[in-house]
Amino acid sequence: MENIVLKDQVCLTIPMDRDMELVAAKTGSVLAELNHFNEEQTEEIQLAIIETCINAFEHSQSEDRTVIIKYIVKADELECKITDHGVGFTPEDQHNSISKRQEIHSEMRKRGWGLEITKTLMDEFDIESSENGTTVSFIKRMAS
Amino acid sequence: MANKFDIQIRAEQGYAILETAGYLNDALGEQLSREAQKLIEKGYTQLVINLDKTALINSIGISILIEIIEALEERSGTLNFCGLSATQERTFRMMAIAKYAGIFPDEKAAIANF
């Protein structure tokens with residue numbers, strides 16, 4: 001793992017191995033606490049990081065098997081940019097993957113929630129994806 | 001790196017409580033599912049899952065909780081959760097779990113609402 005610490009930016013590279021998403025989440029948690037995010041918001045940031053990392057682990061088909069997490073700390077917000085070097089995906093791919101699943105209760109589907117949870121918990125959310133990889137970016141603003 | 005987790009089980013008259021500790025991912029979820037299945041096979045169809053000592057849950061772990069809800073539905077049973085953080089409760093409601101399982105602040109309320 002390589003860590004780069006700048007004044008307001010931390011960059012972490014994790015392998016796509018079991019529970020490594022916790023390393024990324026704990027780093028986000030420490031940065032959120034240092035910047036006085038409340039407990040609930042810190043937990044939301046951790047969950048968003050976990051879900052985005054797991055999504056990359058499971059679906060990116062990345063050959064280098066790493067995920068890069070860039071944490072950008074500003075006065076009243078924390079931004080995370082989570083990048084893999086996998087095959088990329090389109091929003092249609094994601095929709096089709098969810099639609100194919102058969103569930104007893106369609107509204108209580110089991111999988112395909114990761115990015116939806118992240119989008120709901122964060123204040124801003126964006127995906128940039130190409131055949132060279134995917135970057136999921138999100139911002140959490142401090143509660144006033 | 002191994003994620004440390006644990007499940008404590010308390011079988012009472014007519015119901016059982018499963019109390020988790022640690023990160024609820026696929027590994028803890030599958031262990032929890034096995035323990036719940038054993039209880040269901042013994043005839044316990046009213047279960048409480050206490051998540052008070054589980055600070056983080058991922059969506060794979062939650063998907064396994066849905067399997068426990070479905071297994072109990074087949075026996076006309078009930079699953080009630082307690083000890084959730086505000087973020088966990090919000091996520092459970094987003095995933096429609098609250099429609100098929102109860103969410104209560106503590107064990108006492110979870111047991112009282114079977």
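Chain letters run A, B, ... following the sequence lines, proteins first and then strands; every chain starts at 1. Quantities reported herein were computed from a predicted structural model and do not represent experimental measurements.
- For B:Ile62, no part sits under 4.5 Å from any heavy atom of chain A, backbone or side chain.
- With a 4.5 Å cut-off on non-hydrogen atoms, A:Glu51 touches chain B through its side chain but not through its backbone.
- Salt bridge B:Arg10/B:Glu12: absent, no basic N to carboxylate O contact under 4.0 Å.
- Residue B:Ser59 touches chain A through both its backbone and its side chain, counting heavy-atom pairs closer than 4.5 Å.
- Between A:Met122 and A:Ala48, the shortest heavy-atom contact is CE-CB, 3.8 Å.
- When every heavy atom of B:Asn50 is checked against every heavy atom of B:Gly83, the shortest pair comes out as OD1-CA, 4.1 Å.
- With a threshold of 4.5 angstrom between heavy atoms, A:Glu21 approaches chain B through side-chain atoms but not through N, CA, C or O.
- Placement of B:Tyr15 and B:Leu51 in two distinct hydrophobic clusters is found when ILVMFWY residues are connected by side-chain heavy-atom separations under 4.5 Å, directly or transitively.
- Taking chain A as the reference chain and counting heavy-atom pairs below 4.5 Å, the highest number among B:Thr91, B:Ile64, B:Ile60 is found for B:Ile60.
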Apply side chain to side chain contact (heavy atoms under 4.5 Å, CB included) to residues A:Ile49 and A:Thr27 and explain how you reach the verdict. CA-CA 10 Å; A:Ile49 293 169; A:Thr27 303; over 6 Å; no
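- For A:Glu39, no part lies near chain B; criterion is any non-hydrogen pair under 4.5 Å.
- Using a 4.5 Å cut-off between heavy atoms, A:Ile50 contacts chain B through its side chain alone, with no backbone atom that close.
- With a 4.5 Å cut-off on non-hydrogen atoms, B:Ile97 touches chain A through its backbone and its side chain both.
- A salt bridge links B:Lys38 with B:Glu35: the closest approach of a Lys/Arg side-chain nitrogen to an acidic carboxylate oxygen falls below 4.0 angstrom.
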